[in-house]
Amino acid sequence: MSTTIIGFPRLGEFRELKFTTEKYFRKEISEEELLAAAKELRAKHWNIVKEKGITEIPSNDFSHYDNFLDAAFLFNVVPASVQNLDLSELERYFALARGYQGEKGDVRALPMKKWFNTNYHYIVPKFEKDTQVKLAGHKIFDEFQEAKELGLNTRPVLVGPFTFLQLSDFEEGVKAEDFVDSLVAAYQEVFAKLAELGATRIQLDEAALVKDLTAEEKALFLNLCNKLLADKKGLEVLLQTYFGDVRDVYADLVNLPVDAIGLDFVEGKKTLDLVKGGFPADKTLYAGIVNGKNIWRNNYEKSLAVLEQIPAENIVLTSSCSLLHVPFTTANEEFEPAILNHFAFAVEKLEELRDLDAIRNGQGAEALAANKELFATERVGENAELRARIAGLTDADYTRLPAFAEREAIQEEAFKLPALPTTTIGSFPQTKEVRAKRLAYRKGELSQEEYDAFLAETIDEWIKWQEEVGFDVLVHGEFERNDMVEYFGQNLSGYLFSKNGWVQSYGMRGVKPPIIWGDVTRLNPITVKWSSYAQSRTDKPVKGMLTGPVTILNWSFPREDISIKDSTLQIALAIKDEVLDLEAAGVKIIQIDEAALREKLPLRRSDWYEDYLDWAIPAFRLVHSTVAPDTQIHTHMCYSEFTDIIPAIDNMDADVISFEASRSNLEILDELKAKNFQTEVGPGVYDIHSPRVPNEGEIDNTIEAILAKVPSKKVWINPDCGLKTRGIPETKESLIRLVEAAKAAREKL
């Protein structure tokens, strides 16, 4: 047996890549300096993987922004307008990732979508009528050579052709089948060049195989594979899957002329049953047995029991998915040993793979004994009062009265807002000063009184600015908050917080998910102080801003000793208490963000309701079910594909929902119309994840497109997400254009 991983975190132990890249964006360092720093980081990571005893080391799992965008550049799936810009190759790459606005052109960033059921976001390339698929990039070869110079013969990793086509967009009149032959030829060129450089095996990531496949999609996959594998150019091919099982294609998969197949034994509900039905002796099974998405220690006895049932003759132990989705190492944490011993981040998961391999080879008795002792110890007690509260919930606790139509009329009279009311999603730019003040307060260098005075002054400034610009519903800006989940977790029992547990979300953006350690209850009011203060400074309504229970759960590392349903209901009751306190304090518009609603939605439709939506949607309703009819409940969702769960979203029974829509060309609006969506809606009218300021008339055109599909009385005007990561000048300029465009559209009505 041997060991490997599907991929390794790339931001660095202390987010070195993020900080270096941001220096490059600010023009503080050159492109050459950025590339040199990235090369140094790759070498460090390869050596860590090697030193931990992993026998097969991947390469090309690194990216300057996103691996899917890397594949687009590798195969020339890049608009001609960008290719022709007088920019360097790296500048063109970042132009599509982040947008570009300068004397050499104006480029809107490509859409971002969630990567399957994770909090990672990938860049979505687009195949157009004039797209000429061919081998155009060199990154995969450069990084293989780099590793080779370090004495490492790595296994290059590349998104597979089927997944590449499945997750890309296509211009009208263009379909995936149009590019099969050219894409196969380009992949075979990659094979040939890698073989020439000395590679022996390539990993093709085909995660799209774990979703429901139509007959047409299955035919496309088999057509691609049969053509591609007809000439592997001397390479062994590992077809790697993750995030689920491959029940739709397993029988075909094991008969393909691949040399190895990677399967997920953590999230794949049927993977073990599929393999027990037979696995070919002439292929190697890469068994994803160590959870690549959660941070708890692997239970060796359970993993070994699974491995004992696998009939494959040749097995390589691996992670269930890329370790991109967990923090770097527990070595930089400050938890007590009794807590820390329960956690395994990326580096520690390498050790777990090594231990499991050793135990299966008749060694590692000491590691197995220590692991057994860890899992024999009771980790956390039970909150009996909380469990009783959950057990006592009835259908009435999940139902808001009166019904939506009656509430809508009541709220229209109560708020007297104009047509196309304007608002923002919640946060305003967190400047260096804001972060410095918060850090000083946390270190005790700033008193409570001094910190409160700073926050009050900052809120006053932005409330006044919003009034001057002409916003209809204001926000306080969330300057007191470090993160939309961690801030809440710090005021809930049962939560722990890492010091350096950063995980990549998109581009260079990292998040630090809190850890749900035990039962969750609210310790004290969380947001009432600053939301009610902001409301006291203006006659206009100010939204109270909360994170919803499903998102708090999905953006935390969840427990594995109870179900995520039970954990979510605990959080929902805590947020419900907060909603009622906000309402009692005079805050009459309350936004409960569920940005990550889709994140743990099963990838197969047959599992959607029973395994997720049947409890996730009621959990949201539980939070707001008892507010008064004239209290308006908003929610917000972003960077996921929501069109196929529109009825479930409507069933959340919010009064207003804002969607990310600007990067997806307002595609969701067609589905809202088709499904007779009743909730009022605020589709994002410009993309905040790019520093680019919308051009004159751009937002006007977007509003016009929205009104062509949604009745004006149902439409709100807002950006597509919070503004925490943006600079003040670009934020103010963009928002002024937003309000002006809304007023112009209002006059036309």
Side-chain angles (χ1 to χ4, degrees), residues 4 6-7 10 39 42 46 56-78 83 89-90 92-93 96 122-123 125 127 131-149 152-168 176 178-209 220-241 256-262 286 322:
T4 190
I6 293 173
R10 53 188 182 244
K39 182 177 180 180
R42 287 192 291 271
W46 283 324
E56 287 188 29
I57 301 173
S59 62
N60 200 45
D61 53 332
F62 171 87
S63 179
H64 279 286
Y65 202 92
D66 170 57
N67 289 121
F68 216 86
L69 183 62
D70 294 345
F73 271 80
L74 178 65
F75 295 122
N76 201 46
V77 187
V78 178
Q83 292 182 19
E89 182 180 3
L90 188 63
R92 290 195 296 273
Y93 176 85
L96 274 185
Y122 76 100
I123 298 291
F127 286 79
T131 298
Q132 299 295 316
V133 175
K134 61 181 180 180
L135 179 59
H138 48 83
K139 174 181 176 293
I140 188 171
F141 312 118
D142 293 347
E143 292 179 15
F144 177 79
Q145 282 284 76
E146 280 179 32
K148 196 172 181 182
E149 290 166 6
L152 302 173
N153 194 325
T154 58
R155 183 187 70 244
V157 176
L158 182 59
V159 61
F162 177 68
T163 298
F164 187 50
L165 290 174
Q166 284 291 98
L167 271 60
S168 294
D178 299 337
F179 299 94
V180 167
D181 290 340
S182 58
L183 196 58
V184 165
Y187 270 86
Q188 287 183 331
E189 276 195 72
V190 171
F191 287 11
K193 186 155 187 177
L194 285 173
E196 183 183 320
L197 293 173
T200 57
R201 176 168 289 183
I202 186 170
Q203 173 182 318
L204 297 181
D205 285 357
E206 289 288 15
L209 294 178
L220 174 63
F221 167 67
L222 293 174
N223 186 27
L224 281 163
C225 279
N226 287 324
K227 289 185 173 183
L228 176 60
L229 300 173
D231 185 0
K232 295 183 286 187
K233 306 298 181 182
L235 289 184
E236 293 183 351
V237 174
L238 161 61
L239 198 152
Q240 181 67 57
T241 68
L256 286 173
V258 294
D259 304 276
I261 300 171
Y286 281 62
S322 171

List in chain and number order the residues that pass ring-ring contact (aromatic ring centres under 6.0 Å, His included) with Phe73, two or more places apart in sequence or in another chain; answer none if no residue qualifies.
Tyr93
Euclidean distance, [Y] [atom2] relative to [X] [atom1], rounded to 0.5 Å:
| X | Y | atom1 | atom2 | answer |
| --- | --- | --- | --- | --- |
| Leu235 | Leu229 | CG | CG | 11.0 Å |
| Glu143 | Lys148 | CD | NZ | 15.5 Å |
| Gln203 | Glu56 | CD | CD | 9.5 Å |
| Glu206 | Leu158 | CD | CG | 9.5 Å |
| Asp70 | Ile140 | CG | CD1 | 10.0 Å |
| Ile123 | Leu167 | CD1 | CG | 12.5 Å |

Is it true that a side-chain atom of Thr241 and a backbone atom of Ala207 form a donor plus acceptor pair closer than 3.5 Å?
no
Salt bridge (Lys or Arg N to Asp or Glu O under 4.0 Å) between Arg10 and Asp61, worked out:
CA-CA 8 Å; Arg10 53 188 182 244; Asp61 53 332; over 6 Å; no
Measuring only between side-chain heavy atoms, which start at C-beta, is [X] closer than 4.5 Å to [Y]?
| X | Y | value |
| --- | --- | --- |
| Asp259 | Lys232 | yes |
| Val258 | Leu238 | no |
| Arg155 | Thr4 | yes |
| Leu135 | Phe141 | yes |
| Leu239 | Leu209 | yes |
| Val237 | Leu204 | yes |
| Cys225 | Phe162 | no |
| Leu224 | Leu228 | no |

Return the minimal non-hydrogen interatomic distance between [X] and [Y], and the atom names on each side.
| X | Y | value |
| --- | --- | --- |
| Ala208 | Thr163 | N-OG1, 3.2 Å |
| Pro125 | Phe164 | CG-CE1, 4.0 Å |
| Phe68 | Val159 | CE1-CG2, 3.8 Å |
| Lys227 | Val180 | CD-CG1, 4.1 Å |
| Ala176 | Leu220 | CB-CD2, 4.0 Å |
| Val133 | Ser182 | CB-OG, 3.5 Å |

Among residues at least two apart in sequence or on other chains, which ones pass side chain to side chain donor-acceptor pair (under 3.5 Å) with Ser59?
Thr154
Report all side-chain donor-acceptor pairs from residues 191-201 shorter than 3.5 Å, counting only partners two or more places apart or in another chain.
residue : atom : partner : partner atom : Å
Arg201  : NE   : Glu236  : OE1          : 3.0
Arg201  : NH1  : Tyr286  : OH           : 2.2
Arg201  : NH2  : Glu236  : OE1          : 2.3

Are Phe127 and Phe75 near enough that their ring centres are under 6.0 Å apart?
no
With no hydrogens and no angle check, do the side chains of Gln83 and Asn76 hold a donor and an acceptor under 3.5 Å apart?
yes
Would you say that more than 12 heavy atoms from the other residues, nucleotides or ligands in this model lie under 6.0 Å from the CD of Gln132, or not?
no
